Amino acid sequence: MRRQVPLLILVLSLTSTFGQVSYSIPEEMERGSLVCKIGQDLGLDFLRLKSGKARIHSGDSAEYIELNKERGVLLIKERIDREILCGETTPCALHLQMILENPMELFRITIEITDINDNAPCFASSETRFEISESAVIGSKFVLEKAIDADIGVNDIQSYTLNPANNFALKIENQADGSKKVEMVLQKPLDREHQNQISLLLTALDGGEPRKSGKMQITVNVLDANDNAPVFTKSVYKSTITENSPRGTSVITVSASDKDGGSHGEISYAISNSKRRLSDLFQIDRKTGEVILIGELDYEKAKVFQIDIEAMDNGGLSDSSKILIDITDVNDNSPQLKILSKSDAISEDSPHNHVIAMLSVNDPDSERSGEVTCNINDDIPFKIHNTMNGFYSLVTEVALDREVASQFNITVTCSDKGLPSLSSSVTLTLQISDVNDNSPVFERSSYEAYIVENNTPGLSVFTVKARDADWNQNARVSYILEDSSVNGVPVSSYVSVSADSGVIHAVRSFDYEQIKDFHFRVKAQDGGSPPLSSNVTVKVLIQDQNDNPPQVLYPVQTGGSLVAEMVPRSADVSYLVTKVVAVDVDSGQNAWLSYKLQKATDRALFEVGLQNGEIRTIRGVTDKDAVKQRLTVIVEDNGQPSRSATVIVNVAVADSFPEVLSEFTDYTQDKEYNDNLTFYLVLALAVVSFLFITCLVVIISVKIYRWRQSRVLYHSNLPVIPYYPPRYSDTLGTGTLQHVYNYEVCRTNDSRKSDCKFGTVGSQNVLIMDPSSTGTMQRIQSEKNILDEPDSPLEVCHKLLI
Ligand SMILES: *[C@@H]1O[C@H](CO)[C@@H](O)[C@H](O)[C@H]1NC(C)=O
Ligand SMILES: *[C@@H]1O[C@H](CO)[C@@H](O)[C@H](O)[C@H]1NC(C)=O
């Protein structure tokens, strides 16, 4: 607002030619405003002005002022701005000349322009910015732009204010040149984190009336200083992770915050534990704070990890925290079995509960995954005891028997109770060592061996075999012939036993006719200590060979004697002439004799019973038949090959002894007996003729008796024996047989059924073996005995004949 302050300074120069007046007017007066009454002041009336053609000369300056001649006043022609006109220069004046003519007069007019407060303080820019670090110290000064006010003097800037004045205070310093230095002084620390931008308003006030002001917006950007350390969100982080988690598994993500901005707020994370192990296992992402597993976790090695972590900003401030990582167990360990001690072999007589092996088992897993139970395969006689925690002993459950099982594979299986359960096993091989607890056992309880007589000595007869269930030496069986005697001779002279093989050899050649069987014992003994043995009876049966020809007992073949059977001419058909009696000391088939007529004087007259050797007439005897009949009978046994004997039977067909005698004289002549013999023969015939007749009487009487009893005899199928001793009839009468007659018992007609039994007589006679002759019997004593028996009926007859 402008206010006109007309100030009239009248300086009158009393020289007529020159006058000088000064005035003072405020600037900014309206056009047409009165500056001064120049005419009046200079004493000039308007006529003079008019006549003098008064004019204003302003030199080169613009025409701010005009002259109104009628009124004799100076008026504002152009608005005057002091600031334009003079700027800072004071005082500011317009120098004008008023020139009059007729006469010419010059007046100097000085118009001082006075300032009015028409300009407000003004800042060059309405806004200014500061970047101030929050770490700026108190008292730091920041120079502010000064405001400019074109006015001068009191209208110039008088004061500044800064709002708000929390952090900063204004400091105005007057400088030597009169100007002012405006500064902003930090009064209170900046905190970017609290206020990162401060807006201030700087106001410049002048002293005009009214006061004008200029404002400038000051924006203070509080620059971050790294005044804040990063701060972890937690002082302890906790996480769990299962062991054996794959690499790359994220364990946890930690975070820290930093109130600082920019790079000061950029946090990098690090694991601060220097232990290598940890850095091998875990890695933290520098930027994200994610902890990643990079190694293998084993619960059994470490159950918990404490990782010290650090967060650091770019300014080097840091915070630390820790992560507790619990490892959860996974049943990843099978029980570990360790054999502490074991026996590879135990003796089969070890008592039960004998400890075979000690084992320890360990499962590093925890809880049920680490609880272990051990078992063994159940088909074996062992058991496993948990002796102490984690220690097991394997013991025998029952007494062992190597012969049942000599080796055991004991599989110990230990399993934990985890889900799924893990197990491991170990197999022990246990040998059962042998104890000589089994005696040899013969394959059979007794043996019978057959040996054909006339064997070569040394022949292996038979093999006995005993088995021993034990092992090796304890099972090495040797065979021993036990001492005994056979017929008074040590058995070792009969047989020998091969100790190793059990082969029984005949030591000598056997003769069936001498010994038919014998027995002995063989002992089998093992090689144990002490040895065990068992024995067995071996019965050796000698088998017959047809090594003996039949022996003709009757009729006796004497060298020179004349023996003939008498056949009466009245003899009927089937008259029993005689009976050829033969024995064969062999047995069975070999002693089964058959009789055949080999040669005969008259084949039509006689026949020989094939089985019984009875010579009978085939037809009735006629007178034509020669007295002297000679029959050759061959006795054959049934052996292979068969052996035979021949016997010549002389038959006299005659009614009377002389007839016979006459005939047999020729007969003897035929036989070329010498003459002396003839004499003795006749004499002998004469002597025995009586006895012969007596004998005939006896025979006839027996025949009659036999005829009466024939029916009984035939029914009983008893063999028909033609000759009976005189006392034979007694046997029927008393039923007591007083003597045993071999030829009776050797029933040749029934020899298949029975061997020849020598009975009481024969049994006393020993068959004598001649070692030089292979088994040939020299003589059969028993046959003699039969003949030597004084009461033998045969002998009676022979004697008669002789
Ligand atoms: C024990 O194992 C061995 C070897 O595997 C085998 O030869 C033997 O026959 C087994 N013994 C038994 C009694 O199973
Ligand atoms: C033969 O064995 C039997 C049992 O079989 C025994 O009684 C006997 O004493 C043994 N004989 C010898 C001589 O060892």
Side-chain angles (χ1 to χ4, degrees), residues 243-244 296 298-303 329-441 467-477 526-532:
E243 63 172 326
N244 302 334
E296 278 182 6
D298 190 352
Y299 175 85
E300 288 67 41
K301 286 185 187 153
K303 294 173 179 56
D329 190 33
V330 165
N331 192 17
D332 58 342
N333 287 282
S334 31
Q336 290 156 12
L337 263 171
K338 210 159 110 189
I339 299 171
L340 301 178
S341 74
K342 69 162 183 141
S343 12
D344 291 327
I346 60 164
S347 162
E348 61 177 318
D349 62 355
S350 302
H352 75 280
N353 276 338
H354 182 87
V355 177
I356 300 160
M358 305 273 294
L359 299 110
S360 74
V361 63
N362 176 38
D363 192 323
D365 291 324
S366 67
E367 298 181 356
R368 290 186 71 77
S369 299
E371 277 177 38
V372 180
T373 50
C374 293
N375 287 304
I376 54 170
N377 41 332
D378 51 7
D379 53 343
I380 50 172
F382 301 97
K383 55 189 175 185
I384 191 158
H385 282 311
N386 190 351
T387 46
M388 276 159 62
N389 194 23
F391 289 89
Y392 287 84
S393 59
L394 193 62
V395 298
T396 57
E397 195 174 33
V398 294
L400 300 169
D401 188 0
R402 192 204 63 85
E403 286 69 42
V404 175
S406 65
Q407 190 197 40
F408 290 99
N409 289 337
I410 307 164
T411 303
V412 181
T413 306
C414 293
S415 38
D416 60 29
K417 291 180 179 155
L419 276 174
S421 163
L422 295 174
S423 68
S424 56
S425 63
V426 66
T427 297
L428 312 172
T429 298
L430 181 72
Q431 303 289 342
I432 310 301
S433 60
D434 190 40
V435 165
N436 191 22
D437 56 351
N438 286 281
S439 18
V441 175
R467 300 198 182 278
D468 193 308
D470 290 324
W471 184 72
N472 206 3
Q473 193 64 27
N474 291 338
R476 187 160 299 157
V477 178
D526 62 28
S529 172
L532 295 174

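Heads up: numbering here begins at 1 and tracks the sequence. Computed from a predicted structure; not experimentally measured.
Here the CG atom belonging to D470 is positioned 4.5 Å from the CD atom belonging to E403, to the nearest 0.5 angstrom. The distance from the OG atom of S360 to the CG atom of N389 is 11.5 Å, given to the nearest 0.5 Å. Once rounded to the nearest 0.5 Å, the distance linking CG of L337 with OG of S425 reads 7.5 Å. Atom-to-atom distance recorded for S341:OG and L394:CG is 10.5 Å, nearest 0.5 angstrom. Atom OG1 of T373 is separated from atom OH of Y392 by 6.0 Å, given to the nearest 0.5 angstrom. Interatomic distance, CG of L400 versus NE2 of H354, reported as 9.0 Å (0.5 Å rounding).
A donor-acceptor pair under 3.5 Å links the side-chain atoms of N436 to the main chain of P530, judged by distance alone. Judged by distance alone, the side chain of E348 and the main-chain N or O of I432 form no donor-acceptor pair under 3.5 Å. Proximity of a side-chain donor or acceptor of D526 to a complementary backbone N or O of G528 within less than 3.5 Å is detected.
Other residues, nucleotides and ligands contribute more than 12 heavy atoms inside 6.0 Å of the NE2 atom of H385. Counting non-hydrogen atoms of other residues, nucleotides and ligands closer than 6.0 Å to CG of N409 gives a total above 12. Few gaps surround CD on Q431; more than 12 heavy atoms of other groups in view lie less than 6.0 Å from it.
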Test log, rule side-chain contact (heavy atoms from CB on, under 4.5 Å), inputs D434 and N472: CA-CA 8 Å; D434 190 40; N472 206 3; over 6 Å; no
side-chain contact (heavy atoms from CB on, under 4.5 Å) between D401 and D437, intermediate numbers included: CA-CA 9 Å; D401 188 0; D437 56 351; 4.1 Å; yes
I346 vs T396, side-chain contact (heavy atoms from CB on, under 4.5 Å): CA-CA, chis, key distance, verdict: CA-CA 10 Å; I346 60 164; T396 57; 3.8 Å; yes
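Screening residues 384-395 for salt bridge (Lys or Arg N to Asp or Glu O under 4.0 Å), with sequence neighbours left out, gives no hits.
For the 3.5 Å distance criterion, the side chains of T427 and T411 qualify, holding a donor opposite an acceptor. With no hydrogens or angles considered, no side-chain donor-acceptor pair links D363 and N333 at under 3.5 Å.
Side-chain atoms of D298 and E243, non-hydrogen and from C-beta on, do get closer than 4.5 Å to each other. The shortest side-chain heavy-atom distance between C374 and V372 falls under the 4.5 Å cut-off. For the pair S366/Y299, a side-chain contact is recorded, criterion being any heavy-atom separation below 4.5 Å from C-beta on. For the pair R402 and V435, the minimum side-chain heavy-atom distance is 4.5 Å or more. Under the 4.5 Å side-chain criterion, counting only non-hydrogen atoms from C-beta, K383 is in contact with V395. Between D329 and E300, some side-chain heavy-atom pair lies under the 4.5 Å cut-off.
Scored by the salt bridge (charged side-chain N to carboxylate O under 4.0 Å, His left out) test, E296 finds R247 as partners (sequence neighbours excluded).
Across all non-hydrogen atoms, the minimal contact from V477 to P440 is CG2-CB, 4.0 Å. When every heavy atom of P364 is checked against every heavy atom of Q336, the shortest pair comes out as CG-NE2, 4.0 Å. For V361 against P335, the heavy-atom pair with the smallest separation is CG2-CB, 3.7 Å. Annotation for F382 and I376: closest pair O-CD1, 3.1 Å, computed over non-hydrogen atoms.
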Would you tabulate the side-chain donor-acceptor contacts of residues 412-422 under 3.5 Å, counting partners in other chains and residues two or more places apart, or write 'none'?
from, atom 1, to, atom 2, distance (Å)
D416, OD1, N331, ND2, 3.0
D416, OD1, G418, N, 3.3
D416, OD1, L422, N, 2.9
D416, OD2, N331, ND2, 3.2
K417, NZ, E371, OE1, 3.3
S421, OG, D416, O, 2.6

